Amino acid sequence: MNDALTWILDAVQSVDPVLRTLMAGVGMLLETSILIGLVVPGDSIVLVAGTAVDGPVQYFALVAAVVVGALAGESIGFALGRWFGPRIRASRLGARIGEANWSRAERYIARRGGIAVFISRFLPVLHSLVPVTVGTSPMRYRTFMAWTAPASVIWAFAYVSVASAAAGSFRELSSELHVAGYIFVGIIAVFLIGVMVAKKLLGRSEKRHMDDDEDVEASTSGSLTTASLPTTSLPTTKGPDA
(Lines give C-alpha, C1' and ligand atoms only; values in the text may rest on other atoms or scores of the structure.)
Protein backbone atom coordinates (compact mmCIF):
# COMPACT_ATOMS: atom_id res chain seq x y z
CA MET A 1 0.00 0.00 0.00
CA ASN A 2 2.87 2.35 0.72
CA ASP A 3 4.13 2.11 -2.85
CA ALA A 4 0.72 2.83 -4.37
CA LEU A 5 0.08 5.75 -2.06
CA THR A 6 3.55 7.16 -2.70
CA TRP A 7 2.88 7.03 -6.44
CA ILE A 8 -0.45 8.86 -6.02
CA LEU A 9 0.98 11.57 -3.75
CA ASP A 10 3.97 12.06 -6.02
CA ALA A 11 1.65 12.41 -9.03
CA VAL A 12 -0.33 15.13 -7.26
CA GLN A 13 2.85 16.87 -6.11
CA SER A 14 4.27 16.78 -9.64
CA VAL A 15 1.60 19.25 -10.75
CA ASP A 16 2.93 22.80 -10.82
CA PRO A 17 2.22 24.37 -7.39
CA VAL A 18 0.73 27.50 -8.92
CA LEU A 19 -1.58 25.50 -11.18
CA ARG A 20 -2.50 23.18 -8.31
CA THR A 21 -3.37 26.12 -6.07
CA LEU A 22 -5.41 27.84 -8.79
CA MET A 23 -7.32 24.63 -9.48
CA ALA A 24 -8.25 24.37 -5.79
CA GLY A 25 -9.43 27.98 -5.79
CA VAL A 26 -11.53 27.47 -8.92
CA GLY A 27 -12.93 24.26 -7.45
CA MET A 28 -14.07 26.15 -4.38
CA LEU A 29 -15.56 28.91 -6.53
CA LEU A 30 -17.64 26.31 -8.35
CA GLU A 31 -18.47 24.47 -5.13
CA THR A 32 -19.90 27.58 -3.46
CA SER A 33 -21.63 29.02 -6.53
CA ILE A 34 -25.36 28.65 -6.88
CA LEU A 35 -26.41 25.05 -7.43
CA ILE A 36 -22.99 23.98 -8.74
CA GLY A 37 -21.97 23.17 -5.19
CA LEU A 38 -24.49 20.36 -5.19
CA VAL A 39 -22.40 18.39 -7.71
CA VAL A 40 -18.81 19.72 -7.46
CA PRO A 41 -16.96 18.06 -4.52
CA GLY A 42 -14.98 21.06 -3.30
CA ASP A 43 -13.89 19.33 -0.11
CA SER A 44 -12.34 16.46 -2.09
CA ILE A 45 -10.47 18.88 -4.35
CA VAL A 46 -9.00 20.73 -1.36
CA LEU A 47 -8.01 17.49 0.38
CA VAL A 48 -6.17 16.25 -2.70
CA ALA A 49 -4.42 19.59 -3.21
CA GLY A 50 -3.52 19.73 0.48
CA THR A 51 -1.59 16.46 0.29
CA ALA A 52 0.93 18.09 -2.05
CA VAL A 53 1.72 21.07 0.17
CA ASP A 54 5.47 21.50 0.57
CA GLY A 55 6.44 24.20 3.04
CA PRO A 56 4.64 27.13 4.69
CA VAL A 57 4.49 29.23 1.51
CA GLN A 58 2.48 26.62 -0.37
CA TYR A 59 0.37 25.96 2.73
CA PHE A 60 -0.75 29.57 3.20
CA ALA A 61 -1.08 30.09 -0.55
CA LEU A 62 -3.48 27.15 -0.76
CA VAL A 63 -5.49 28.36 2.23
CA ALA A 64 -5.72 31.83 0.69
CA ALA A 65 -6.79 30.41 -2.69
CA VAL A 66 -9.48 28.29 -1.06
CA VAL A 67 -10.83 31.24 0.95
CA VAL A 68 -10.79 33.61 -2.03
CA GLY A 69 -12.43 30.98 -4.24
CA ALA A 70 -15.14 30.32 -1.66
CA LEU A 71 -15.90 34.01 -1.18
CA ALA A 72 -15.93 34.61 -4.94
CA GLY A 73 -18.35 31.75 -5.44
CA GLU A 74 -20.64 32.93 -2.67
CA SER A 75 -20.50 36.48 -4.05
CA ILE A 76 -21.64 35.14 -7.42
CA GLY A 77 -24.49 33.30 -5.71
CA PHE A 78 -25.47 36.47 -3.83
CA ALA A 79 -25.45 38.54 -7.04
CA LEU A 80 -27.51 35.96 -8.92
CA GLY A 81 -30.01 35.93 -6.09
CA ARG A 82 -30.22 39.73 -6.07
CA TRP A 83 -30.83 39.95 -9.83
CA PHE A 84 -32.45 36.65 -10.82
CA GLY A 85 -33.50 34.99 -7.54
CA PRO A 86 -37.19 34.33 -8.32
CA ARG A 87 -36.36 33.17 -11.86
CA ILE A 88 -33.72 30.74 -10.61
CA ARG A 89 -36.08 29.37 -8.00
CA ALA A 90 -38.85 28.91 -10.57
CA SER A 91 -36.54 27.39 -13.19
CA ARG A 92 -36.37 23.71 -14.00
CA LEU A 93 -33.12 23.34 -12.07
CA GLY A 94 -34.56 25.22 -9.11
CA ALA A 95 -37.58 22.92 -9.18
CA ARG A 96 -35.31 19.87 -9.08
CA ILE A 97 -33.79 21.16 -5.86
CA GLY A 98 -37.27 21.27 -4.41
CA GLU A 99 -39.42 24.03 -2.99
CA ALA A 100 -39.01 22.51 0.47
CA ASN A 101 -35.24 23.15 0.43
CA TRP A 102 -35.71 26.71 -0.83
CA SER A 103 -38.28 27.39 1.89
CA ARG A 104 -36.02 25.94 4.58
CA ALA A 105 -33.17 28.22 3.50
CA GLU A 106 -35.52 31.21 3.41
CA ARG A 107 -36.91 30.55 6.89
CA TYR A 108 -33.47 29.89 8.29
CA ILE A 109 -32.13 33.24 7.10
CA ALA A 110 -35.24 35.11 8.23
CA ARG A 111 -35.00 33.64 11.74
CA ARG A 112 -31.25 33.49 12.32
CA GLY A 113 -29.85 36.20 10.06
CA GLY A 114 -26.05 36.31 9.94
CA ILE A 115 -25.68 33.26 12.17
CA ALA A 116 -27.50 31.23 9.51
CA VAL A 117 -24.99 32.43 6.91
CA PHE A 118 -22.08 31.37 9.12
CA ILE A 119 -23.46 27.95 10.07
CA SER A 120 -24.77 27.10 6.60
CA ARG A 121 -21.17 26.94 5.33
CA PHE A 122 -20.86 23.67 7.26
CA LEU A 123 -24.23 22.18 6.27
CA PRO A 124 -24.92 20.14 3.11
CA VAL A 125 -27.28 21.58 0.47
CA LEU A 126 -27.77 24.81 2.44
CA HIS A 127 -24.25 26.01 1.76
CA SER A 128 -25.17 26.22 -1.93
CA LEU A 129 -28.67 27.65 -1.48
CA VAL A 130 -27.99 30.27 1.19
CA PRO A 131 -25.98 32.74 -0.94
CA VAL A 132 -28.68 33.09 -3.59
CA THR A 133 -31.41 33.10 -0.93
CA VAL A 134 -29.63 35.87 0.97
CA GLY A 135 -29.45 37.78 -2.32
CA THR A 136 -33.25 37.85 -2.42
CA SER A 137 -33.47 39.00 1.21
CA PRO A 138 -32.98 42.50 2.67
CA MET A 139 -29.53 41.52 4.05
CA ARG A 140 -26.74 43.70 2.67
CA TYR A 141 -23.76 42.24 0.86
CA ARG A 142 -21.40 43.69 3.47
CA THR A 143 -23.24 41.88 6.24
CA PHE A 144 -23.28 38.66 4.24
CA MET A 145 -19.51 38.81 3.71
CA ALA A 146 -18.87 39.63 7.38
CA TRP A 147 -20.53 36.35 8.40
CA THR A 148 -19.43 34.03 5.59
CA ALA A 149 -15.74 35.07 5.51
CA PRO A 150 -14.78 33.69 8.95
CA ALA A 151 -16.65 30.46 8.21
CA SER A 152 -14.73 30.07 4.96
CA VAL A 153 -11.41 30.71 6.74
CA ILE A 154 -12.17 28.05 9.40
CA TRP A 155 -13.21 25.57 6.70
CA ALA A 156 -10.09 26.20 4.61
CA PHE A 157 -7.63 25.88 7.49
CA ALA A 158 -9.30 22.67 8.71
CA TYR A 159 -9.18 20.83 5.37
CA VAL A 160 -5.75 22.02 4.25
CA SER A 161 -4.20 21.35 7.67
CA VAL A 162 -5.51 17.79 7.91
CA ALA A 163 -4.53 16.89 4.34
CA SER A 164 -1.03 18.33 4.61
CA ALA A 165 -0.45 16.80 8.05
CA ALA A 166 -1.61 13.35 6.91
CA ALA A 167 0.60 13.44 3.80
CA GLY A 168 3.59 14.77 5.74
CA SER A 169 3.26 12.03 8.34
CA PHE A 170 3.08 9.39 5.65
CA ARG A 171 6.21 10.64 3.89
CA GLU A 172 8.14 10.60 7.16
CA LEU A 173 6.99 7.12 8.18
CA SER A 174 6.73 5.32 4.85
CA SER A 175 10.38 4.23 4.84
CA GLU A 176 10.15 2.85 8.39
CA LEU A 177 6.61 1.50 8.78
CA HIS A 178 4.77 -0.80 6.41
CA VAL A 179 1.48 0.46 7.88
CA ALA A 180 2.23 4.13 7.13
CA GLY A 181 -0.33 4.06 4.31
CA TYR A 182 -3.01 2.84 6.67
CA ILE A 183 -2.12 5.63 9.10
CA PHE A 184 -2.63 8.16 6.30
CA VAL A 185 -5.98 6.67 5.32
CA GLY A 186 -6.98 6.50 8.99
CA ILE A 187 -6.26 10.19 9.57
CA ILE A 188 -8.33 11.22 6.56
CA ALA A 189 -11.14 8.79 7.46
CA VAL A 190 -11.34 9.96 11.08
CA PHE A 191 -11.44 13.57 9.91
CA LEU A 192 -14.21 12.95 7.37
CA ILE A 193 -16.25 10.93 9.85
CA GLY A 194 -15.82 13.71 12.40
CA VAL A 195 -16.98 16.26 9.84
CA MET A 196 -20.01 14.12 8.98
CA VAL A 197 -20.97 13.71 12.64
CA ALA A 198 -20.48 17.43 13.29
CA LYS A 199 -22.72 18.28 10.34
CA LYS A 200 -25.37 15.88 11.61
CA LEU A 201 -25.34 17.38 15.09
CA LEU A 202 -25.25 20.93 13.79
CA GLY A 203 -28.10 20.29 11.39
CA ARG A 204 -30.15 18.66 14.14
CA SER A 205 -29.59 21.56 16.54
CA GLU A 206 -30.58 24.11 13.88
CA LYS A 207 -33.51 22.13 12.49
CA ARG A 208 -36.13 23.99 14.50
CA HIS A 209 -35.05 27.26 12.86
CA MET A 210 -35.59 25.80 9.39
CA ASP A 211 -38.91 24.00 9.85
CA ASP A 212 -42.19 25.81 9.38
CA ASP A 213 -44.25 26.83 12.40
CA GLU A 214 -46.55 23.81 12.19
CA ASP A 215 -43.61 21.38 12.21
CA VAL A 216 -41.97 23.19 15.13
CA GLU A 217 -45.19 23.19 17.11
CA ALA A 218 -45.77 19.50 16.40
CA SER A 219 -42.23 18.54 17.40
CA THR A 220 -42.27 20.55 20.62
CA SER A 221 -45.78 19.77 21.82
CA GLY A 222 -45.94 16.18 20.58
CA SER A 223 -49.05 14.40 19.45
CA LEU A 224 -52.10 14.69 21.68
CA THR A 225 -53.11 11.39 23.17
CA THR A 226 -55.63 10.37 25.73
CA ALA A 227 -52.78 9.61 28.10
CA SER A 228 -51.78 13.28 28.08
CA LEU A 229 -55.30 14.54 28.79
CA PRO A 230 -56.19 15.42 32.39
CA THR A 231 -58.15 12.68 34.04
CA THR A 232 -61.50 13.56 35.57
CA SER A 233 -63.78 11.30 37.49
CA LEU A 234 -67.32 10.97 36.27
CA PRO A 235 -69.98 12.06 38.75
CA THR A 236 -71.84 9.15 40.31
CA THR A 237 -75.57 9.16 40.22
CA LYS A 238 -77.25 8.28 43.48
CA GLY A 239 -80.30 6.12 43.29
CA PRO A 240 -83.55 6.88 45.11
CA ASP A 241 -82.60 4.53 47.97
CA ALA A 242 -79.20 6.21 48.64
Side-chain angles (χ1 to χ4, degrees), residues 26-46 66 69-152 154-155 159 192 195-224:
V26 172
M28 285 307 302
L29 184 149
L30 297 176
E31 199 264 351
T32 53
S33 295
I34 171 62
L35 310 183
I36 302 177
L38 299 175
V39 294
V40 175
D43 50 356
S44 300
I45 295 173
V46 174
V66 170
L71 296 182
E74 294 189 355
S75 297
I76 292 173
F78 181 93
L80 290 175
R82 191 69 92 199
W83 296 332
F84 310 108
R87 295 182 183 178
I88 294 174
R89 188 166 174 172
S91 67
R92 182 179 300 179
L93 189 56
R96 291 189 63 180
I97 293 175
E99 181 61 27
N101 286 323
W102 288 108
S103 298
R104 280 165 59 86
E106 200 171 49
R107 284 191 297 267
Y108 193 33
I109 293 167
R111 293 172 180 175
R112 298 283 274 165
I115 296 177
V117 174
F118 180 90
I119 296 178
S120 66
R121 184 64 194 85
F122 307 98
L123 297 178
V125 180
L126 279 178
H127 75 269
S128 293
L129 298 184
V130 161
V132 69
T133 306
V134 172
T136 63
S137 74
M139 184 182 294
R140 296 184 302 174
Y141 176 73
R142 184 186 305 174
T143 304
F144 173 66
M145 281 288 106
W147 283 98
T148 195
S152 297
I154 293 172
W155 191 97
Y159 275 79
L192 293 179
V195 168
M196 183 179 64
V197 172
K199 287 181 178 181
K200 282 277 189 180
L201 295 176
L202 196 58
R204 187 176 301 173
S205 67
E206 294 295 305
K207 185 177 183 296
R208 61 191 177 91
H209 300 294
M210 306 174 198
D211 292 338
D212 58 34
D213 294 333
E214 293 182 359
D215 291 338
V216 172
E217 184 178 354
S219 62
T220 54
S221 61
S223 59
L224 190 63

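Predicted model, so just to flag it, every value in this text is computed and none were measured. Residue indices begin at 1 and follow the sequence shown.
- Of the inter-residue distances, the one linking D43 atom CG with L192 atom CG reads 7.5 Å to the nearest 0.5 angstrom.
- Between the CZ atom in R208 and the CD atom in E206 there is a gap of 7.5 Å [rounded to 0.5 Å].
- Heavy atoms only, all atoms of each residue included: E31 and H127 are closest at OE2-NE2, 3.0 Å.
- Heavy-atom minimum distance, L71 versus A149: CD2-CA, 3.7 Å.
- Every residue two or more places apart in sequence or in another chain that forms a salt bridge (Lys or Arg N to Asp or Glu O under 4.0 Å) with R89 is listed here: E99, E106.
- In this structure, W147 and F118 have perpendicular ring planes: the angle between them is above 60°, well past the 30° mark.
- For S152, there are no side-chain hydrogen bond (donor to acceptor under 3.5 Å, both in side chains) partners, not counting sequence neighbours.
- Looking at L29 and I76, their side chains come closer than 4.5 Å, going by heavy atoms from C-beta outward.
- By the 4.5 Å heavy-atom criterion applied to side chains, S91 and R96 are not counted as neighbours.
- Atom CH2 of residue W83 and atom CG of residue L80 lie 8.0 Å apart, to the nearest 0.5 angstrom.
- R82 pairs by the salt bridge (Lys or Arg N to Asp or Glu O under 4.0 Å) definition with nothing, not counting sequence neighbours.
- With a 4.5 Å cut-off on side-chain heavy atoms, W102 and V132 count as touching.
- The two residues P124 and K199 have their closest heavy-atom pair at CD-CD, 4.1 Å.
- A heavy-atom distance below 4.5 Å is found between the side chains of M210 and L126.
- The main-chain N or O of L123 is never found under 3.5 Å from a side-chain atom of S120 such that the two would form a donor-acceptor pair.
- Shortest non-hydrogen contact noted between G85 and T136 is CA-CG2, 3.6 Å.
- In this structure, the side chains of R104 and D211 come closer than 4.5 Å at one or more pairs of heavy atoms.
- Contact detail for A146 and P150: the closest heavy-atom pair is O-CD, 3.2 Å.
- Between V134 and Y141 the shortest side-chain heavy-atom distance does not fall below 4.5 Å.
- Contact of the S75 side chain with the F144 side chain is not registered, since no non-hydrogen atoms from C-beta on lie closer than 4.5 Å.
- Applying the side-chain hydrogen bond (donor to acceptor under 3.5 Å, both in side chains) rule to Y159 yields no partners; only residues at least two apart in sequence or on another chain are considered.
- Legend: salt bridge (Lys or Arg N to Asp or Glu O under 4.0 Å) pairs involving residues 133-144, not counting sequence neighbours: none detected.
- Panel note: side chain R112, backbone R107; no donor-acceptor pair is recorded below 3.5 Å.
- With R121 contributing its side chain and A151 its backbone, the two residues share no donor-acceptor pair below 3.5 Å.
- Two residues are said to be in side-chain contact when any heavy atoms from C-beta on lie closer than 4.5 Å; M139 and V117 meet this criterion.
- Checked against side-chain hydrogen bond (donor to acceptor under 3.5 Å, both in side chains), T148 has the following partners two or more places apart in sequence or in another chain: E74.
- With no hydrogens or angles considered, no side-chain donor-acceptor pair links Y108 and T133 at under 3.5 Å.
- Enclosure of atom NZ in K200 is not indicated, since only 12 or fewer non-hydrogen atoms of other residues, nucleotides or ligands lie within 6.0 angstrom.
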